[in-house]
Asks: 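Before we start, here is the structure in question, set down as structure tokens.
As the structure lists them, so they are numbered: ligands from 1, and atoms in each ligand from 1.
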Amino acid sequence: MLLDENYKEIRDLAAKFSDNEVAPLAQEIDLNSLIPKAIIDKLYANGFMGVFVPEQYGGAGMDYLDYSIVVEELSRNCASTGVLVSAHNSLCIWPILNFGTEEQKKKFLPDLASGGKIGCFCLSEPNAGSDAGSLTTFAEDCGDHYEISGVKNFITNGKEAEIAVVFAKTSKTDNYKGISAFIVETKTEGWSILKLEDKLGIKGSSTAQIALDKVKVPKENLLGDYEKGFRVAMATLDGGRIGIAAQALGIARGAFEYALNYSKERVQFGKPISHLQAVQFMLADMSTKIAASKLLIYDSSIRKNKSENYSLQAAQAKLFAAEAAMWITTKAIQVCGGNGYTKEYPVERYFRDAKITEIYEGTSEVQRLVIASSELKK
Ligand code: CAA
């Protein structure tokens, strides 16, 4: 897709950073299940931790297409780094920027965008995954503050996060109606990490189960309207899904580019395997799925920039890009044969990393529900 000059600038910056700073550490990040602090500091220094935050709040002042491009380029070499940036920007910063009061924006955004504080989003619970509205974490009204208690599951950035957007019920309903959103500082007494998940992929990205035991949250930290928290969650996930689609695209591109180069060098039957039509057909389909993913992601990012409705397009972008990434990484291993199945070659990491894009921020089945419901409403 043809990009305007200003988008090419951010693409070049993010690509250079990804190739020079992230790629050399990608395998180590996967093996050690840790993104080094030095990388995170450099993500801040380059403005990647506050891509679309206006400069007045300490951000880089760019837009949502810039943001998608940054996540894509980082994920091309390391999906763990891609999702650290994506969850932080999409799921913690965006709802504060969009639903926060001026005081909340002034208080939290500079720390998140350029001050080194990582953000997370606490919606899922052990018994509330796809059915997010059935969460049971409760925020007790205690006069000038709330006390939040409950357990949150699968929290990306949960180990490092200092600021969290937390969803809890303020009325004991059995559906989404009593949910409110809060900004919580994780150093508050009563916040603890119960466990860190050992996962198939994105191993450098922390995924925590978090307990809240009467965590005191001042009343002014209510985010958005009282008991309209489910709307905050759903609107936030619309944007988050673009970020995960961009992560899937980056993973797919990384795997494709590796397989393409490998096919030119690997000689079998007396010539490079890229001369074999069986291999060419796989490469052709991979390339086409990447191009289609890119169009869907960039289109939904541009719609978001223009404040047009993008819920349907974001779900389509995530559904398509995630399933394409899973397919492309599978074929990348196929092109690389036995070598591709070993840890000496990066394609098995891309394959493991791709799977989560079909699951988090709404499974592919949830995306299909969102798409069908949008189409049926037309
Ligand atoms: N924007 C704003 N509001 C929305 C909305 C949107 N996109 N979609 C729905 N709503 C509102 C509706 O208007 C309705 O509100 P009102 O009653 O006030 O009008 C309310 O939300 C309920 O809507 P539905 O009846 O459509 O909701 P539902 O209960 O049937 O749920 C669902 C639909 C699509 C399955 C939804 O629950 C969902 O998206 N589930 C998946 C949750 C998810 O993505 N979880 C991932 C968590 S984050 C993560 O992965 C971890 C991480 O850290 C990366």
Asks: Within less than 4.0 angstrom of ligand 1, does Ser130 place any heavy atom?
Replies: yes

Asks: So with a 6.0 Å cut-off around CD of Gln334, is the heavy-atom count from everything else above 12?
Replies: no

Asks: Taking side-chain hydrogen bond (donor to acceptor under 3.5 Å, both in side chains) as the cut-off, I'd like each qualifying pair that reaches into residues 48-59, sequence neighbours left out, listed once.
Replies: Tyr57-Glu102

Asks: Out of Phe167, Tyr176, Tyr310, indicate the one that has the non-hydrogen atom closest to atom 14 (C) of ligand 1.
Replies: Tyr176

Asks: Among the heavy atoms of Ala87, does any lie under 4.0 Å from an atom of ligand 1?
Replies: no

Asks: Just let me know how Arg241 lines up against ligand 1, side chain, backbone, both or neither, with a heavy-atom cut-off below 4.0 Å.
Replies: side chain

Asks: If you measure every N/O of Thr156 against every N/O of ligand 1, is any gap under 3.5 Å?
Replies: yes

Asks: Is ligand 1 under 4.0 Å from a heavy atom in the side chain of Phe154, in the backbone, in both, or in neither?
Replies: backbone

Asks: Which heavy atom of the protein is the closest neighbour of atom 12 (C) of ligand 1, given with residue, atom name and distance?
Replies: Arg231 NH2, 4.8 Å

Asks: Tell me if the centroids of the rings in Phe48 and Tyr67 come within less than 6.0 Å of each other.
Replies: no

Asks: Side chain or backbone of Phe230 under 4.0 Å from ligand 1, or both, or neither, by non-hydrogen atoms?
Replies: side chain

Asks: Test: ring pair (Phe, Tyr, Trp, His ring centres under 6.0 Å). Region: residues 160-199. Which pairs qualify, not counting sequence neighbours?
Replies: Phe121-Phe167, Tyr146-Phe182, Tyr176-Phe230

Asks: What orientation do Phe52 and Tyr64 show, parallel under 30°, tilted 30 to 60°, or perpendicular over 60°?
Replies: tilted

Asks: With a heavy-atom distance limit of 4.0 Å, tell me whether Ser124 approaches ligand 1 through its side chain, its backbone, both, or neither.
Replies: side chain

